[in-house]
Amino acid sequence: MADDKKLTKRADDFSAWYNETVLRAELADYSPVRGCMVIRPRGYGIWERMQHQLDTVFKETGHENAYFPLLIPESFMRKEAEHVEGFAPELAVVTHGGGKKLDEPLVIRPTSETIIYAMFSKWVQSYRDLPLLINQWANVVRWEMRTRLFLRTLEFLWQEGHTAHATEAEAEEETRKMLNVYRDFMETYMAMPVITGIKTESEKFAGALRTYGCEAMMQDNKALQAGTSHNLGQNFAKAFDVKFQTEAGDVAYAWNTSWGVSTRMIGGLVMTHGDDNGLIVPPLLAPIELVIVPIWRTDEDKVRVMEAAEKIKTSLTGWERRKSGKLRIHLDNREGIKPGAKYYEWELRGVPLRLEFGPRDLDANQCVLVRRDNRVKRTVTLESIGEDVADLLSVIQTDMQVAAYERREANSVRGGISYDDFKTLMEGKGGFVYAGFCGSAKCEQEIKEETKATIRCLPDEEFRSAVAPTTCLKCGGKSVAEALWAKAY
RNA sequence: CGGGACGUAGCGCAGUCCGGUAGCGCACCUGAAUGGGGUUCAGGGGGUCGCGGGUUCGAAUCCCGCCGUCCCGACCA
């Protein structure tokens, strides 16, 4: 931050730009503990809107919220072999309580499968108890080596859905359904298009049968896994004895799923939409959608402009829209700060629409609306201000989504790329590469070592290339699936 | 855990080589003017110089130890 006022430009140092934007837009701050962060009101406000929307859909799809404890007996973590292996390196463990060493150490949850399925085994007796559809909003702790605000912190907030079903097919349907819930949310609300698909064995959740994910492309052309959904099969049911009596009278293990999205999505939002002036929040998730900046020169003007600005705010606040509820408006009536300074400040904070209103506007019964996403100014009459603001916000939402989609496609490569060209691309600007994969973990591992790119997923059908690749990107052998390759966060 | 940089006011830094009254910019407070894209002037408040020990008449500065942060590598929503 050589110049106090200007952000580092994305093109100069994307990583520095991201950190500065998050800090200066007051989304979050560093905590006294390494790797932890404080989510500030402007960041938490976005999270609350994300939570509200997702929670609504979770309930519409039949899930109920519950809360399971933070502390998990260490022995629980050991009951599922892959699970313990996957999470052991990043566990935080409580060894003392009340001044005494504990008989059994307690793990701070890195995720709650173990405690939840232990409880499910008590609650599930009969096929009539199924499906059991539970969600919890919680914090989890994973002791990561390197951390970044929102993207990877020791503690983060998320939701984790956990379900139990009578059949494998039902569990698979649930897994896919919730993946699509995430996808819809990310596209519609975050204006962040994603590629959905299945994870390879090496990227799969520890303990799952199959893992599906949503992958978004950030402005540095790296991939961000924004949500995952797991078909757990009967792995945890067997480990925690989640059994039920079937309609026919047999005893069977339940089929489980789990799925989650976290505050990491806020990082995704920043890196999808931000520009060199700071944050840009899509209207549907913006805690403030419209900021009114009054302008005056003389004391008389100040009085009448402020009075009229208050009126505009009141009349607009009454506007109710289908998806986004009442208009969320802030009137910046601070004195002693020039309008220009306010513009920069609210732009940095990402408020999608600004209304400028001064004496000239008052006399002409008009105001100036300025879009955050493309900075286009428009003078509109106050007669129809409600419609205009609502329309513009909706257009901004759509335009942001389209822009993000077009950027992703412009940086995606399909249809035949040599391994040499692939390496060059990954050393340079990066991007999404759709290419054949022979299915061997060896090829996957070698590519990772040589280029740092990984298979983000084997994309779902609608994202696959028109002509399926026939040979493996690495070994040239027969391709068994089309893979999406990219460097990832 | 390895390599590098750093720790001085809320933030960003200078001062450290060569020991001698702790400074600058921004932010903050007061007042006046200013106000359609980052306002100006005047006045003001704020510091265990990361922590502990040592050398010295005297340490932000030299020596030893520790702690912490950031960046780069091995792990990851």
Side-chain angles (χ1 to χ4, degrees), chain A residues 1-7 13 15-16 19-20 23-24 29-36 85-91 109-111 138-160 182 199 202-206 211 213-216 223-230 258-268 277-278 293-299 301-302 305-306 332 334-348 354-364 366-368 370 375 377 379 448-449 452 454 456 488-489:
Chain A
M1 266 185 268
D3 184 335
D4 257 12
K5 286 174 177 165
K6 288 217 169 66
L7 286 169
D13 185 345
S15 181
N19 287 332
E20 288 171 23
L23 292 171
R24 291 180 52 183
D29 204 349
Y30 291 107
S31 95
V33 177
R34 174 196 80 87
C36 293
E85 198 187 322
F87 280 103
E90 45 190 279
L91 290 181
R109 64 179 163 224
T111 177
N139 58 337
V140 286
V141 169
R142 300 180 184 179
W143 217 261
E144 303 290 351
M145 304 260 188
R146 281 189 68 191
T147 57
R148 301 211 49 202
L149 294 169
F150 288 113
L151 303 173
R152 178 164 295 106
T153 47
L154 297 198
E155 180 186 3
F156 58 92
L157 304 183
W158 76 348
Q159 59 68 219
E160 46 181 323
Y182 290 156
K199 292 282 180 179
S202 67
E203 297 274 336
K204 193 187 75 175
F205 175 73
T211 290
C214 299
E215 298 288 328
L224 182 79
Q225 179 176 304
T228 50
S229 185
H230 317 291
S258 70
W259 26 275
V261 293
S262 72
T263 39
R264 177 183 243 200
M265 288 192 295
I266 297 173
N277 296 307
V293 178
I295 299 152
W296 62 80
R297 192 179 293 272
T298 64
D299 280 348
D301 280 348
K302 181 171 122 185
V305 164
M306 280 306 298
D332 187 350
R334 289 174 299 172
E335 296 185 27
I337 299 174
K338 292 178 82 166
K342 292 181 179 179
Y343 301 163
Y344 280 102
E345 189 175 308
W346 292 110
E347 279 172 5
L348 173 64
R354 178 173 75 237
L355 189 157
E356 304 175 0
F357 183 70
R360 293 207 298 267
D361 300 308
L362 178 55
D363 294 338
Q366 63 180 32
C367 67
V368 177
V370 188
R375 298 182 132 202
K377 291 192 181 193
T379 302
K448 183 177 179 181
E449 280 162 15
K452 291 188 180 143
T454 51
R456 301 321 306 150
Y489 274 95

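Throughout, a chain's letter reflects where its sequence line sits, starting with A, and its residues are numbered from 1.
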Margin query: Using a 4.0 Å heavy-atom cut-off, does A:Arg148 contact any base of the nucleic acid, only the sugar-phosphate backbone, or nothing at all?
Written below: nothing

Check: If we require ring centres under 5.5 Å and near-parallel planes under 30°, does A:Tyr343 stack on B:G38?
Finding: no

Note to self: Work out how far the C1' atom of B:G45 is from that of B:C29, and round it to whole angstrom.
What the structure shows: 7 Å

Notebook entry, point to check: Which part of the nucleic acid, if any, lies within reach of A:Glu144 when heavy atoms closer than 4.0 Å are counted: base, sugar-phosphate only, or nothing?
Noted result: base

Notebook entry, point to check: With respect to the side chain of A:Met145, which nucleotide from B:A77, B:G37, B:A74 is positioned closest?
Noted result: B:A74

Note to self: Using a heavy-atom cut-off of 4.0 Å across all strands, would you classify A:Ile337 as base, sugar-phosphate, or nothing?
What the structure shows: base

Next item on the list: Specify the residue among A:Ala341 and A:Leu154 whose closest nucleotide of RNA chain B lies further upstream toward the 5′ end.
Entry: A:Ala341

Item checked: A:Thr111 vs A:Arg109, side chain to side chain donor-acceptor pair (under 3.5 Å): CA-CA, chis, key distance, verdict -> CA-CA 5 Å; A:Thr111 177; A:Arg109 64 179 163 224; over 6 Å; no

Checklist line | Sugar-phosphate only, base, or nothing, as touched by A:Arg375 at under 4.0 Å among non-hydrogen atoms | finding: base

Note to self: Considering every strand and a 4.0 Å limit on heavy-atom distances, what is the contact class for A:Lys199: base, sugar-phosphate, or nothing?
What the structure shows: nothing

Next item on the list: Have a look at A:Leu154 and tell me which of A:Arg142, A:Glu90, A:Glu144 forms a side-chain contact (heavy atoms from CB on, under 4.5 Å) with it.
Entry: A:Glu144

Check: Which part of the nucleic acid does A:Glu347 contact within heavy-atom distance under 4.0 Å: base, sugar-phosphate only, or nothing?
Finding: base

Note to self: Taking only the C1' atom of each, what is the distance from B:A14 to B:C26 in whole angstrom?
What the structure shows: 15 Å

Notebook entry, point to check: For the side chain of A:Tyr30, counting heavy atoms from C-beta on, which of B:C70, B:G36, B:G37 is nearest?
Noted result: B:C70

Check: Given the C1' atoms of B:A77 and B:G37, what is the spacing between them in whole Å?
Finding: 40 Å

Checklist line | Geometric cation-pi criterion A:Arg354 and A:Tyr343, 6.0 Å radius, 45° cone | finding: yes

Notebook entry, point to check: Which whole number of Å gives the distance between the C1' atom of B:C66 and that of B:G58?
Noted result: 25 Å

Notebook entry, point to check: When we call it a touch if two heavy atoms are under 4.0 Å apart, what does A:Gly260 touch: a base, just sugar-phosphate, or nothing?
Noted result: nothing

Next item on the list: Please figure out whether A:Glu335 or A:Glu345 has its closest RNA chain B nucleotide nearer the 5' end.
Entry: A:Glu335

Next item on the list: Please work out if A:Val293 contacts a base, only the sugar-phosphate, or nothing of the nucleic acid, heavy-atom cut-off 4.0 Å.
Entry: nothing

Next item on the list: With the side chain of A:Lys452 defined as its heavy atoms from C-beta on, choose the nearest nucleotide among B:A77, B:G73, B:G36.
Entry: B:G73

Check: If you look at every strand shown and take non-hydrogen atoms under 4.0 Å, does A:Tyr489 touch a base, only sugar-phosphate, or nothing?
Finding: nothing

Note to self: Is it the case that the side chain of A:Arg264 and the backbone of A:Gln225 share a donor-acceptor pair, with hydrogens and angles ignored and the cut-off at 3.5 Å?
What the structure shows: yes

Next item on the list: Look at all strands and tell whether A:Thr211 reaches a base, only sugar-phosphate, or nothing, counting heavy atoms closer than 4.0 Å.
Entry: nothing

Notebook entry, point to check: Taking the six-membered ring for Trp, does A:Tyr344 stack with B:G38 (centroid gap under 5.5 Å, planes within less than 30°)?
Noted result: yes

Check: Taking the side chain of A:Thr228 as heavy atoms from C-beta outward, which of B:G36, B:A77, B:G37 is closest to it?
Finding: B:A77

Next item on the list: Report which part of the nucleic acid A:Asp361 touches: base, sugar-phosphate, or nothing (heavy-atom distance under 4.0 Å, all strands).
Entry: base

